[in-house]
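Okay, so here's the structure we're looking at.
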Amino acid sequence: MQYLEAFDWSRTPLGPKHAWPQALRTTHDIMMSSGFAMCAAWGPDRTFLYNPAYASFLGARHPAALGRPMDQVWPEIWSDIEPFITRAMAGEAVKLDNLHLAMTRNGYVEDTYWTCSYSPLRDGDDVVGFLNIAYETTQSLAAQERDRVNDERVRLALSAGAIIGTWFWDLPTGRFTIDEPFARSFGVDPALGHEGLTLEQIIQSVHPDDGDGLTAAIDEAITRGGSYAHQYRVQRRDGKYYWIEANGRVDHAPDGSASLFSGVLIDVDERRAVEAERDRAIIALRTLNDELEQRVSDRTAELFKTEEALRQAQKMEAVGQLTGGLAHDFNNLLAGISGSLELMEMRLAQGRTADVARYMAAAQGAAKRAAALTHRLLAFSRRQTLDPKPTNVTRLVAGMAELIRRTVGPSVELEVKSEDGLWPALVDASQLENALLNLCINARDAMPNGGRITIATTNTDMDRDAARAHDLPEGRYLSLCVTDTGTGMSPEIIEKVFEPFFTTKPIGMGTGLGLSMIYGFAKQSGGQVRIQSVVGEGTTVCIHLPQHDAEDSEDLPREIRLLSRAEQSEIVLVVDDEPTVRLLVTDVLEELGYTVIEAADSLEGLRILDSDMRIDLLISDVGLPGGMNGRQMADAARRSRPDLKVLFITGYAENAALGDGLLDHGMAVITKPFPVDLLATRVREMVSQ
Ligand code: ADP
Ligand code: MG
């Protein structure tokens, strides 16, 4: 603070120090020798003086503030303090307690509080300035407030019965003073509590198993200082042990030694009991869960076995279909081989050895072709575990072409059109081969008088609308399509072909499993199967598979995508396997402000209905894939949601499934085709009922 002493006042309105009036000099000397923060203003310009203790209030304004007009030093509080200054200048001694001032000392505004005085400074009879002695009370006021809040808390806690005792432990003397409730909690004589006990006396009441832990916790808190909390059991007069929590703090004296250890006792007996009960429940739940998981995994394994059996049965069907075509081929090849051998034998007997080489080559060629065919057949019929791998579908199709050609026979022309640079797919290759072969067998069966099969592969970038029409998430897909020029299918047939065991073929000819397996496989691979068909012209069946991108993070499960949408007004679940119908219904409903969830079959529909998600209305097609028709699905759902409202959409032919037009309460039906506004009116009526 030499700066303040050495300051050159000659450049201020006060002039050089040696020429100051006696009163100013005295004031200045008093200020400089005082430990209290003081400042003064002198003369018409209110030239500002202050002492070292005051400098710290000024923050960054020191030292520039020295010798400046005071109103410029404190512009932000000037209007607050000017009235007191005016009074002091009028000769009054002003004293203020906890004056609030919003000060900017360190670059931000702070609420500060001051206990201070403004005293007039005279030169002769005239008041020419004032002296301000200031003591900042911001901190102590805050501490007072904290104490008040703490007192209030303790009072509340005591009155709420949570605290069952308080203690003060004066560490230097070792005297332990406790209040009456504490004494009762520890089963000791309350009179002793006032006189003071020793720690040993107190620990006598602690459960033998908890004593060492308690001593260790106390030692640790004393060494560390600060807060302390420890739970243990103490014995009361009734001889029983109760759980308590001691909650306190250790204060250290300025020399660093522990001085006071005080705190409260909290009754945690009930809480401990509840916690123990909760822990027991959690363990029980966990056990139950484990059992459940075991049961689920048993069931899943069983299901897999059944599914595997189904897959195998279906593959055998394909193999059976193959053998017919292959027997013919093999006979041809064998004829080629045995004929060549016979001719060789003959030529050798005739001594015409030069011809032998030709027959040998013919026989070997036929044998090679037969071997290749057998090889492919073996590869195909071998049991392979489900194993999705990045697969080049172009190569897969090319590898199958020969086998397919043999299977469909000579009356059917086979054409393969592969898109260049087809994207890879993540699929089980042997299942895809199986699917392709089955599609070609179906195509052949639809062309008893011959025709053409076209196998085409294409890359498709599905935008939002296209993806929606295909009931797929937006993204890149590769499509494998098999087109025939056969009988085609009516819409009624198309509706059913994905059902397991649906077949139009004579007994022994078809199992009705081909398309249902293909459907399951495509869905399982994250894709979709679509059929386009015109009766009398032909059929195209396409398998769409998502492009495999190694970097791609996994898509969100479908359920979560659905659930995250369903937080608005009324929620309508639309179940229809025909994407265009779903698209139409969804558009109409969303236009009306409903939130729509879609499902493509009864299985998916039922899964959503079985969840605890809110559903205000179910709109369902009657003919559905997935094992149940719409009516059966609705009935199943009503077991857990008895009030579920259901609107069926149906073609005339399906009326029978609804039960002779007798519908339960809360169910209604509209027939396809329907005008859009009829649908809208129906939905509004049903939801608002
Ligand atoms: P399956 O071939 O054993 O009958 P699928 O599930 O493969 O079983 O086919 C079910 C039904 O779908 C067939 O019975 C047939 O009526 C029809 N179908 C399948 N593919 C075609 C197609 N390419 N052309 C005409 N109808 C077909
Ligand atoms: Mg079939």
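Counting convention: from 1, in listed order, for ligands and their atoms alike.
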Legend entry - Salt bridge flag under 4.0 Å for residues Lys496 and Glu492: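 A salt bridge is absent here (no side-chain N lies under 4.0 Å from a carboxylate O).
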Inset, instruction - May I ask you to decide whether Asp290 forms a salt bridge with Arg286, counting only side-chain N to carboxylate O separations under 4.0 Å? - result: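 Answer for the salt bridge query: no.
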Legend entry - Contact check: Asn442 to the Mg ion (ligand 2), N/O/S below 2.8 Å: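 Short answer: yes, at least one N, O or S atom is under the cut-off.
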Legend entry - Heavy-atom nearest neighbour of atom 23 (N) of ligand 1 within options Thr503, Asn438, Asp484: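 Nearest heavy atom to atom 23 (N) of ligand 1 lies in Asp484.
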Legend entry - Parallel, tilted or perpendicular: rings of His544 and His470 (30°, 60°):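 Rings of His470 and His544: perpendicular, as their planes differ by over 60°.
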Any N or O of [X] closer than 3.5 Å to N or O of ligand 1:
X	answer
Thr504	yes
Ser516	no
Asp445	no
Leu515	yes

Legend entry - Test item: Gln632 side-chain N/O and Met628 main-chain N/O as donor-acceptor pair under 3.5 Å: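 Looks like no, no N/O pair under 3.5 Å.
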Inset, instruction - Tell me which part of Thr539 gets within contact of ligand 1: side chain, backbone, both or neither, using heavy atoms under 4.0 Å. - result: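 Contact part for Thr539 vs ligand 1: side chain (C-beta onward).
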Inset, instruction - Could you go through the side chain to side chain donor-acceptor pair (under 3.5 Å) check for Tyr519 and Asp601 one step at a time? - result: CA-CA 11 Å; Tyr519 179 84; Asp601 58 35; 3.2 Å; yes
Legend entry - Test log, rule side chain to side chain donor-acceptor pair (under 3.5 Å), inputs Asn438 and Asn434: CA-CA 6 Å; Asn438 270 286; Asn434 195 348; 2.9 Å; yes
Legend entry - Element-labelled atoms of ligand 1 that are located less than 4.0 Å from some non-hydrogen atom of Val497: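 Atoms satisfying the 4.0 Å criterion: 6 (O), 11 (C), 12 (O), 17 (C).
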